[in-house]
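Structure first, commentary second.
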There are 2 protein chains.
Amino acid sequence: MLQQDALRDRIVARFEEMSPQLQQAARYILENTQEVALVSMRELARNAGVQPATMTRLAKFLDLPGYDDIRSHYSDALRLRADGFAARARAREGQGGAVGGGLAQEMLQGLSAQVARLSEPETLAQLEAAADLLAGARRVYVLGLRSCHSVAWHFHYVMTLLGDRTVHLDGPAGTGTDGLLRAGPEDVLLVISISPYALHSLELASLAREKGLSVVAITDSEVSPLVAISDRVILCSTESRTFFHTLTPALAVSEVLCGLLAARDREGSLKALQEADQHLAALNIYANTIPRRRI
Amino acid sequence: MLQQDALRDRIVARFEEMSPQLQQAARYILENTQEVALVSMRELARNAGVQPATMTRLAKFLDLPGYDDIRSHYSDALRLRADGFAARARAREGQGGAVGGGLAQEMLQGLSAQVARLSEPETLAQLEAAADLLAGARRVYVLGLRSCHSVAWHFHYVMTLLGDRTVHLDGPAGTGTDGLLRAGPEDVLLVISISPYALHSLELASLAREKGLSVVAITDSEVSPLVAISDRVILCSTESRTFFHTLTPALAVSEVLCGLLAARDREGSLKALQEADQHLAALNIYANTIPRRRI
DNA sequence: CGCGCATTGCAACAAGTGTTTCATAAAATT
DNA sequence: AATTTTATGAAACACTTGTTGCAATGCGCG
């Protein structure tokens with residue numbers, strides 16, 4: 001169970017003060033926490049052998065507005081547990097205030113949980129397998145259109161610092177996809193696409209497949225059209241309480257892939273990074289000393 | 001996920017035969033299995049963006065008597081998983097096994113924690129203030145070079161769907177920064193930069209400042225050179241156990257900003273999104289029906 | 001062009017939900 | 001012993017749930 005379960009503590013603490021019926025209800029809840037989240041109050045009451053009203057009364061006794069607060073508490077706990085082990089800050093604590101005051105917090109906690117959920121064993125296995133495939137490739141072509149451009153570009157950028165094996169399938173004047181010209185079976189295509197799927201991404205992935213490339217996909221669903229085309233699929237959620245999808249989990253996946261690849265060849269990566277450093281230093285790209293500010 | 005999940009298999013298997021609405025419902029269920037067990041059908045339908053009836057229809061389509069059978073299936077799965085959780089966690093401990101086996105998991109949990117830490121009160125306040133500033137701007141110029149390009153572009157892309165107030169300071173042949181030509185005091189610059197700070201970003205931010213623009217910065221430290229230049233600063237950690245910095249928290253910040261801005265003008269955002277949808281539909285950008293695969 | 005056809009949205013439905021109220025029973029207090 | 005206080009069960013409440021029938025819509029085919 002949860003480490004710091006405030007509600008459970010409160011129930012235990014005030015158990016002695018409760019009336020017999022309340023105790024019976026409380027005892028059942030303590031011993032069947034998951035059921036609280038999964039069945040209705042009336043059914044829970046039936047199973048606990050008490051009246052429905054007793055559950056409501058128990059909630060009031062615990063200084064809660066109603067029974068729904070008990071349920072939502074255990075729902076959250078179950079969600080958390082199912083999600084994995086996200087060290088999530090206490091749910092909806094100080095969310096008062098401004099228009100979107102709650103929104104920002106909710107979004108961030110949601111994102112945190114989504115990223116945490118990526119460390120499920122299946123996903124980890126797919127990540128490892130995908131890294132294997134990418135590590136063995138002669139070239140890695142990276143494709144991400146529209147919203148997924150950010151993820152594709154980020155992967156490409158990091159990999160550029162680590163070596164010169166990646167080709168980003170993008171460019172001005174629609175020439176981006178010419179890169180696939182010389183691609184072959186020794187190469188791998190990393191394609192990122194989420195619903196709604198850009199037609200062009202699917203076409204290119206299919207083409208790559210026909211040319212014999214292996215395909216690694218970062219996408220959002222088991223029924224994504226990329227699943228049928230790809231050798232390895234890494235699923236990441238894109239749900240958000242806004243109007244648009246989130247790409248934060250996808251970016252996390254991309255970064256993990258980079259990390260895995262770098263870890264496979266520590267010395268090589270380090271050397272490549274040093275070279276990159278020298279190159280960038282020669283071009284004076286970065287501010288090495290904090291510049292005088294001249295407001 | 002569960003080892004033998006007959007229902008999931010059935011959904012995936014018959015996904016292609018489904019109507020668009022059924023697919024949308026099925027997709028949501030596949031991606032949020034726990035929610036199925038934890039919320040009501042109507043709420044699930046709301047979150048999935050379909051009619052309540054669609055859920056019932058999906059059940060019938062899968063040869064089930066009703067939606068309750070879907071829910072009970074996932075309830076059982078959740079019960080099972082909760083029971084076997086302790087055992088699984090123990091098993092995971094001893095599996096040090098593969099090369100980067102631990103690395104992926106460590107990275108993901110670290111990222112999750114970093115994102116969660118963004119919901120500290122100070123950051124939330126800065127997010128709100130930044131959103132205020134951005135919402136009031138005539139134009140929003142977005143600047144992110146090198147590694148920060150992904151974040152800048154993502155922000156710009158989402159805002160493009162929501163309206164036409166943003167200008168992305170990037171482009172081929174070094175013309176990207178010309179956008180600032182006509183910028184003035186009514187405009188805002190959103191600049192993303194992390195250590196090592198690209199010189200060019202600092203120069204442009206200073207220039208914008210001199211032209212009277214307000215500046216909102218997403219950066220990584222209180223001693224970032226951007227702090228002195230900017231009106232609002234949102235700090236996000238970039239620490240990573242790899243050779244390179246992480247941008248996942250920065251992207252999360254960007255998405256939250258987009259969310260806040262959209263929430264400030266729900267109707268306008270919705271209308272803009274609909275227009276964008278029509279535009280993209282007219283151009284046939286997206287795969288609207290899942291294409292038959294033709295291996 | 002019109003015709004079926006499947007698909008979708010809407011509204012009504014009975015059943016079940018959590019809550020509240022009230023009367024009764026039991027206990028505690030005077 | 002009388003009276004207040006508390007605890008419990010039962011019923012009514014407003015509301016939401018999952019379901020179903022029907023009308024409107026869009027789409028393909030002759």
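Proteins come first, then strands; the chains are lettered A, B, ... in the order of their sequence lines, and each starts at number 1.
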Subject >> Heavy-atom pair of closest approach, residues L202(A) and L226(A) >> reply: CD2-CD2, 3.9 Å

Side chain [X], main chain [Y], donor-acceptor under 3.5 Å:
X: K60(B); Y: P65(B); value: yes
X: R14(B); Y: F61(B); value: yes
X: T33(B); Y: L30(B); value: no

**OP:** Would you mind reading off the distance between Q21(B) atom CD and dT25(D) atom P, rounded to a whole angstrom?
**Re:** 16 Å

Original post:
Between atom CZ in R71(B) and atom C1' in dG18(D), what is the gap in whole Å?
Top reply: 9 Å

Original post:
Using a distance-only test with no angle check, is there a side-chain donor-acceptor pair under 3.5 angstrom linking E255(B) and T248(A)?
Top reply: yes

Original post:
For H245(A) and S240(A), does a side-chain donor sit closer than 3.5 Å to a side-chain acceptor?
Top reply: no

Original post:
After noting the C-alpha distance and the side-chain angles of T219(A) and S224(A), does the key distance pass the side chain to side chain donor-acceptor pair (under 3.5 Å) rule?
Top reply: CA-CA 7 Å; T219(A) 188; S224(A) 156; 3.0 Å; yes

Subject >> chain B footprint on DNA chain C, 5' to 3' - any atom under 4.0 Å from a heavy atom >> reply: dT7(C) to dC10(C)

Original post:
Where along residues 35-65 of chain B does a heavy atom fall under 4.0 Å from DNA chain C?
Top reply: Q51(B), A53(B), R57(B)

**OP:** May I ask you to say whether R71(A) pairs ionically with E35(A), meaning some side-chain N is under 4.0 Å from a carboxylate O?
**Re:** no

